[in-house]
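Here's the structure, in structure tokens; my notes come after.
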Amino acid sequence: MASADHQCKQHPTDAHKHDRPGGPVCPVHSPAAEEANRTRKALGRHRDYVKISLPEGRANRLPMEWWKTLITFVYAAFNLVLTTVMITVVHERVPAKESSPPLPDKFFDYIDRVKWAFTVTEVNGMVLVGIWSLQWLFHKYRAILGRRFFFLMGTLYLYRCVTMYITTLPVPSMHMTCAPKLYGDSQAKLQRVLQLISGAGLSITGSHIMCGDFLYSGHTVMLTLTYLFIKEYSPRSFWWYHLLCWLLAAVGVVCILVAHEHYSVDVVVGYFITSRLFYWYHTMANVQVLRSSPNYLTHTWWNPIFNFLERNVQTQVPCSFCWPVTWPPACLKNPCKKYSMVNSVREE
């Protein structure tokens with residue numbers, strides 16, 4: 001086969017044909033070929049300007065779906081309100097400490113009560129919630145993280161409603177002062193529910209004056225859950241950040257026992273249920289093969305809800321952060337079409 005240069009060589013008598021306006025043109029030195037060469041050279045010099053468009057199915061493997069996040073928020077809020085109602089109901093069944101003294105607890109046998117310890121627990125809890133809220137706000141996939149957090153928190157408090165209703169424990173310490181029983185006064189009970197909600201269920205706000213919500217510890221749930229989410233959705237190299245949050249959570253949990261506000265079993269069960277549910281959910285969310293094949297992890301009552309929430313999340317959520325508010329907004333951006341470097345070279 002003849003080379004391209006050989007093909008461009010013509011007989012001397014035919015050379016004048018290339019000079020005529022209507023004559024044949026050499027394919028190697030044609031304007032189209034020269035433009036293609038210029039484009040290839042531009043691509044070699046400006047490789048970082050090349051953008052490869054992925055198919056829509058692959059590019060959108062982590063859809064936000066804020067409407068699902070809103071549903072889980074309503075679910076969590078409902079269970080939190082249900083918890084306050086259940087505390088009010090259980091409070092009427094708590095036996096008087098004079099007739100039913102606290103149960104024996106091995107931790108209390110060795111550690112005397114420290115009055116200010118429970119304040120440390122609640123301050124640490126508020127700090128962890130604040131840290132997690134900021135981290136969630138700046139995370140790129142905050143909608144996915146939000147609905148996972150709200151669903152797990154709502155489920156944990158739903159379980160707590162069940163455990164503290166079916167088993168009413170006496171107060172863990174004689175220092176506790178419970179509000180008077182209201183018996184059939186529904187209006188006064190409603191006021192207590194609203195007071196507990198307005199004070200976020202914290203003792204430092206003066207809203208938690210009722211007894212009976214011992215098994216299991218809600219403070220342990222929030223300390224453990226916020227720490228696990230902070231660690232899971234932050235860079236692995238931030239070991240100092242993880243250590244600081246772990247210390248806040250660990251000190252908060254220990255101070256619950258030091259303050260004698262909960263039995264040891266309340267804290268142990270609270271940590272166990274929270275950590276197992278977190279790991280169970282995230283194992284199913286991060287290992288795609290577990291969703292498509294029947295296995296023991298799918299034998300939970302909340303598995304249909306999990307499938308609904310995670311159906312379109314097709315990969316593990318990366319640790320990526322961005323500003324929560326972009327400026328200028330999309331409505332103020334220049335609607336003119338933007339051209340890449342490749343396009344500008346082709347137009348030259």
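Residues satisfying the salt bridge (charged side-chain N to carboxylate O under 4.0 Å, His left out) test with Glu122, not counting sequence neighbours, are none. When the salt bridge (charged side-chain N to carboxylate O under 4.0 Å, His left out) test is applied to Glu65, the partners found at least two apart in sequence or on another chain are Lys68, Arg147. Taking the salt bridge (charged side-chain N to carboxylate O under 4.0 Å, His left out) definition, one finds that Asp266 meets it with nothing, sequence neighbours left out. Shown here are the side-chain hydrogen bond (donor to acceptor under 3.5 Å, both in side chains) partners of Thr224, two or more places apart in sequence or in another chain: there are none.
Rounding to the nearest 0.5 Å gives a distance of 11.0 Å between CG of Leu248 and CH2 of Trp246. Remark: Glu261 CD to Cys211 SG distance equals 9.0 Å, nearest 0.5 Å. Rounding to the nearest 0.5 angstrom, the gap separating the CG atom in Asn79 from the CE atom in Met86 is 10.5 Å. To the nearest 0.5 Å, atom CD of residue Glu92 and atom CD1 of residue Ile87 are 13.0 Å apart. His139 contributes atom NE2, which lies 9.0 Å from atom CD1 of Ile144 (distance to the nearest 0.5 angstrom). Remark: Trp302 CH2 to Thr155 OG1 distance equals 8.0 Å, nearest 0.5 Å.
In this structure the side chain of Tyr216 never reaches within 4.5 angstrom of the side chain of Val268, judged on heavy atoms. Side-chain contact between Cys178 and His91 is present, with at least one heavy-atom pair separated by less than 4.5 Å. No side-chain heavy atom of Thr220 sits less than 4.5 Å from a side-chain heavy atom of His262. Asp213 has its side chain within reach of Arg160: a pair of non-hydrogen atoms, C-beta onward, lies under 4.5 Å apart. Counting heavy atoms from C-beta outward, Pro172 and Leu103 have side chains that stay 4.5 Å or more apart. Using a 4.5 Å heavy-atom threshold, the side chains of Met222 and Met153 count as touching. Residues Phe138 and Cys322 have side chains not in contact (no heavy-atom distance under 4.5 Å, counting atoms from C-beta outward). Side-chain contact between Trp66 and Arg142: present, with at least one pair of heavy atoms (C-beta onward) separated by less than 4.5 Å.
Nearest heavy atoms, Thr298 versus Asn295: OG1-O, 2.6 Å. Across all non-hydrogen atoms, the minimal contact from Pro324 to Leu137 is CB-O, 3.5 Å. In terms of heavy atoms, Gly212 sits closest to Val94 at CA-CG2, 3.4 Å.
Taking the ring centroids of Trp132 and Phe149, they lie under the 6.0 Å cut-off. Ring centers of Tyr75 and Phe151: under 6.0 Å apart, within the cut-off.
By the neighbour-count criterion of 12 heavy atoms within 6.0 Å, atom NZ of Lys231 is sparsely surrounded, having that number or fewer from other residues, nucleotides or ligands. In Phe308, the CZ atom is crowded: over 12 heavy atoms of neighbouring residues, nucleotides or ligands sit closer than 6.0 Å. The environment of Lys97 atom NZ is dense: over 12 non-hydrogen atoms of other residues, nucleotides or ligands sit within 6.0 angstrom. Within 6.0 Å of atom CH2 in Trp301, more than 12 heavy atoms from other residues, nucleotides or ligands are found, so the atom counts as buried in its surroundings. Enclosure of atom CZ in Phe73 is not indicated, since only 12 or fewer non-hydrogen atoms of other residues, nucleotides or ligands lie within 6.0 angstrom.
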Donor-acceptor pairs under 3.5 angstrom involving side-chain atoms of residues 107-119: please list them, not counting sequence neighbours.
{"residue": "Arg113", "atom": "NE", "partner": "His175", "partner atom": "ND1", "Å": "3.4"}
{"residue": "Arg113", "atom": "NE", "partner": "His175", "partner atom": "NE2", "Å": "3.2"}
{"residue": "Arg113", "atom": "NE", "partner": "Ala259", "partner atom": "O", "Å": "3.3"}

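For the pair Arg93 and Tyr165, the distance from NZ or CZ to the six-membered ring centre is under 6.0 Å and the angle to the ring normal is within 45 degrees.
Sorted by first then second residue, the side-chain hydrogen bond (donor to acceptor under 3.5 Å, both in side chains) pairs that include residues 270-285, not counting sequence neighbours, are Tyr233-His282, Tyr281-Glu310.
For the residue pair Gln135/Tyr241, the side-chain donor-acceptor check at 3.5 Å is satisfied. With 3.5 Å as the limit, one finds no donor-acceptor pair spanning the side chains of Tyr263 and Ser217. Judged by distance alone, the side chains of Asp105 and Ser264 do bring a donor and an acceptor atom under 3.5 Å apart.
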